[in-house]
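Below: one structure, written as structure tokens.
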Amino acid sequence: MGPDALSVMAAQRPLAMYLLTIKEGLHTRHVGPYASPKEAAEDLDRLLASCSDRAHWQIHALESPAGLQKQEGHPGGRGASAGVAGIAA
């Protein structure tokens, strides 16, 4: 498979990215991006060594804005704000 075929395959598949968030008291650290949740988890062990026992963490899957708009089914991607306006009315 040549380089042109690989670039076409990469363009067809969205690239998944992951972000590690660590909250400790009033401080929040965002670390990444990572190519897989496994990579984030491996780095998490190293990062938690410097945190207190009360630190909370989460691994987030990053999504492109275009992907979010398609999921919500709204051209503007603001479906949640319309629901909030409906509650206030």
Side-chain angles (χ1 to χ4, degrees):
M1 200 179 305
D4 291 334
L6 291 176
S7 62
V8 169
M9 287 173 57
Q12 291 173 349
R13 250 187 338 185
L15 180 62
M17 304 283 300
Y18 299 88
L19 182 71
L20 173 61
T21 301
I22 300 175
K23 293 182 182 181
E24 184 175 19
L26 298 175
H27 300 281
T28 302
R29 290 192 286 175
H30 302 283
V31 186
Y34 298 97
S36 71
K38 182 181 178 189
E39 287 183 19
E42 290 170 355
D43 205 21
L44 176 65
D45 293 335
R46 179 184 63 83
L47 293 167
L48 285 180
S50 65
C51 296
S52 71
D53 293 338
R54 301 188 70 181
H56 300 280
W57 59 271
Q58 186 173 9
I59 297 174
H60 303 273
L62 299 178
E63 299 181 40
S64 70
L68 291 173
Q69 290 175 358
K70 288 178 186 175
Q71 286 178 1
E72 292 178 358
H74 298 282
R78 295 286 183 173
S81 63
V84 172
I87 292 171

>> Just so I know, are the side chains of Leu44 and Ile22 near enough to count as touching, which here means a heavy-atom distance under 4.5 Å?
In response: yes

Shortest non-hydrogen contact from [X] to [Y]?
X: Ala40; Y: Tyr34; value: CB-CD1, 3.6 Å
X: Glu24; Y: Ser52; value: OE2-N, 2.6 Å
X: Val31; Y: Asp43; value: CG1-OD2, 4.0 Å

Working to the nearest 0.5 Å, report the span between [atom1] of [X] and [atom2] of [Y].
X: Glu39; Y: Ile59; atom1: CD; atom2: CD1; value: 11.0 Å
X: Gln58; Y: His30; atom1: CD; atom2: NE2; value: 11.0 Å
X: His56; Y: Thr21; atom1: NE2; atom2: OG1; value: 13.0 Å

>> Starting from Trp57, can I reach Tyr18 by hopping between I/L/V/M/F/W/Y residues whose side chains sit under 4.5 Å apart?
In response: yes

